Amino acid sequence: MPERNPILITGAAGEVGGVSRTMVEMLLEQGYPVRAFVRRDDERAHSLRQAGAEIFVGDLLNIADVTGALKGCRRIYFSMSLSPYYTDAVALMAAAARAQGDIEVFVNISEYEQSFMTFDKMTAPEEERRAWLGGLIADWSPQQRAHWVAEQVLDWSGVPTVNVRAAMFVENPILTWLALAPLGNGELRLPFGYQRLAPLAGYDVAEVCVKILVDPAPHLSKSYDLTGPELKDMHGFAQDYAAVLGRQVTYVPEDVEIWNETYVDSALAALPHTAEHLKTLTRLMGGGGYRGVTDQLETLLGRRPKTVRWALENNPRLQKVAAG
C-alpha cells in the first residue's frame with residue numbers, strides 16, 4: 001500500500017479488549033501509516049501520537065467529521081463503544097465511504113451472536129426464540145440488534161466489507177471488571193452455572209483485523225465467526241484466575257438476575273444501554289444460548305489463539321488485583 005494512504009482506525013482510544021489501540025501499534029510496527037479517529041485529544045490520543053499515528057479528533061455521529069477523517073484513506077477499521085447510536089455511526093461512515101468511492105476494504109467489528117441472528121430466527125415465534133437463546137431471554141440486546149442492522153446497511157451500501165464477528169472477549173467487563181471485588185477474597189462469582197464458554201483475547205482479534213487490512217482481497221464480502229479455542233466451565237476459569245492472582249480461587253455460581261442487580265445495575269446506572277447489553281449477555285450465557293467453538297480464528301491467525309489465562313495475565317485490572 002502506498003504510504004500516502006493511511007489506514008483509518010476508529011475507536012483508537014477505547015479500552016474494551018484494546019483492539020483498536022493494539023491494531024494501531026501492529027500496523028505502525030509493520031510500516032503502515034495510521035490515522036487514529038478519537039473523540040478527544042487527551043492523554044490517550046497523545047500516547048497514540050507519540051507512537052507515530054496521525055490523530056483525527058472528531059465525532060463519529062458528525063458526517064462532516066467522518067468525511068474529513070476518511071479523506072485520503074482507502075482502508076477502514078470501524079469500531080465504536082457501546083452506544084444507542086451505533087447504527088447511525090456505521091451508516092454515516094458507510095455513506096462517507098460510498099461518496100468517496102475508492103475504498104478498498106471496510107473491516108467491521110461485529111457481534112458473534114449474529115451467527116445465529118438470521119432473519120428467520122429473529123422473526124420466529126417468541127417461544128422458539130426463547131428456546132434457541134437458552135430459555136432466559138426471547139430477544140437480543142439493543143446493541144446486538146444494532147450490529148445486525150449495521151451489517152445490513154454495509155451490505156446495501158456496496159462498500160467492500162469484511163465482518164469480523166468476535167465472540168465474548170476475555171476483556172469483557174463481565175469477566176474483568178464488574179465482579180473483581182470478590183476475587184480479592186478468592187471467589188469467582190459469576191452467573192453461568194455449569195455452562196461452558198470460549199471467550200477470545202482482544203489481541204488475537206486485533207491481529208486478524210490487521211491481516212485483513214494489509215491484504216484485503218482474499219477476505220472481501222466474507223463474515224468470520226470467531227471464538228476462543230476452548231470451551232471451559234467456570235471451574236476451569238477459576239483455575240486461570242488462580243494462576244494469574246497467585247492464590248486459590250473458587251467458583252461461586254450466582255443467580256443471573258441477582259448478579260445483574262448486584263454488579264451491573266449498581267455500576268452502570270448512568271449507562272442504561274450498556275447495562276442492558278451486558279445483562280442480556282449474562283442471560284444468554286447463563287441459559288446456555290451461547291454455544292459452540294469455531295476454528296476460524298486459528299485458521300486466520302495461522303497459529304493457536306491466545307489462551308484465557310494469557311489474556312487475564314495481560315489485563316491491567318487483573319494485574320492490580322494480583323498486586324494488591
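Quick caveat: nothing in here was measured; it's all calculated off a predicted structure. Every heavy atom of this structure was used, including side-chain atoms; hydrogens, water molecules and symmetry mates were not.
Taking the charged nitrogens against the carboxylate oxygens, Glu257 and Lys279 have no contact shorter than 4.0 Å, which rules out a salt bridge. A salt bridge between Glu313 and Arg309 is absent, with no side-chain N of the basic residue lying under 4.0 Å from a carboxylate O of the acidic one. With salt bridges taken as basic N to acidic carboxylate O contacts below 4.0 Å, one links Arg304 and Glu298. Ion pairing between Arg303 and Glu207 holds under the 4.0 Å rule for side-chain N and carboxylate O.
Listed by first then second residue, pairs satisfying side chain to side chain donor-acceptor pair (under 3.5 Å) with a partner in residues 55-70 number zero, not counting sequence neighbours.
Of the possible donor and acceptor atoms, none in the side chain of Glu151 sits under 3.5 Å from a partner among the backbone N and O of Asn163. With Thr176 contributing its side chain and Asn172 its backbone, the two residues share a donor-acceptor pair below 3.5 Å.
Listed by chain and number, the residues in a ring-ring contact (aromatic ring centres under 6.0 Å, His included) with Phe192 amount to none (sequence neighbours excluded). For Asp139, the side chain to side chain donor-acceptor pair (under 3.5 Å) partners at least two apart in sequence or on another chain are Arg129.
Note: Asp225 CG to Asp295 CG = 11.0 Å, rounded to the nearest 0.5 Å. Taken to the nearest 0.5 Å, the CG atom of Leu278 stands 6.5 Å off from the CG atom of Leu178. The distance from the CG atom of Leu226 to the CG atom of Leu301 is 8.5 Å, given to the nearest 0.5 Å. One finds the CG atom of Asn108 at 10.5 Å from the CD1 atom of Ile76 (value rounded to the nearest 0.5 Å). Rounding to the nearest 0.5 angstrom, the gap separating the CG atom in Leu312 from the CG atom in Leu318 is 5.0 Å. Atoms CG and OH, from Asn314 and Tyr203 in turn, are 10.0 Å apart once rounded to the nearest 0.5 Å.
Checking Glu261 against Ser266 by side-chain atom types alone, no donor-acceptor pair falls below 3.5 Å. Of the N and O atoms on the side chains of Thr87 and Arg145, not one donor lies less than 3.5 Å from an acceptor on the other residue. Gln143 and His147 share a donor-acceptor pair across their side chains, judged by distance under 3.5 Å alone. Using a 3.5 Å distance cut-off with no hydrogens or angles, the side chains of Tyr224 and His219 do pair a donor with an acceptor. Using a 3.5 Å distance cut-off with no hydrogens or angles, the side chains of Asp102 and Gln100 do pair a donor with an acceptor. In the model, Gln144 has no side-chain atom that pairs as donor or acceptor with a side-chain atom of His277 under 3.5 Å.
At a threshold of 4.5 Å between non-hydrogen side-chain atoms, the residues Val205 and Leu200 count as touching. Inter-residue side-chain proximity for Ile137 and Thr280 is flagged as met; some heavy-atom pair is nearer than 4.5 Å. A 4.5 Å side-chain heavy-atom check between Met93 and Val159 finds every atom pair outside the cut-off. Within the 4.5 Å cutoff, the side chain of Leu300 has no heavy atoms near those of the Ile212 side chain. In this structure, Phe78 and Ile109 have side chains that are not in contact, with every pair of non-hydrogen atoms separated by 4.5 Å or more. No side-chain heavy atom of Arg196 sits under 4.5 Å from any side-chain heavy atom of Met234. Two residues are said to be in side-chain contact when any heavy atoms from C-beta on lie closer than 4.5 Å; Phe169 and Leu175 fail this criterion.
Taking the six-membered ring where tryptophan is involved, the planes of Phe56 and Phe37 are tilted, since the angle between them lies from 30° to 60°.
No more than 12 heavy atoms of other residues, nucleotides or ligands lie within 6.0 Å of NE2 in His46, so this atom counts as exposed by the packing criterion. By the neighbour-count criterion of 12 heavy atoms within 6.0 Å, atom CD of Glu54 is densely surrounded, having more than that number from other residues, nucleotides or ligands.
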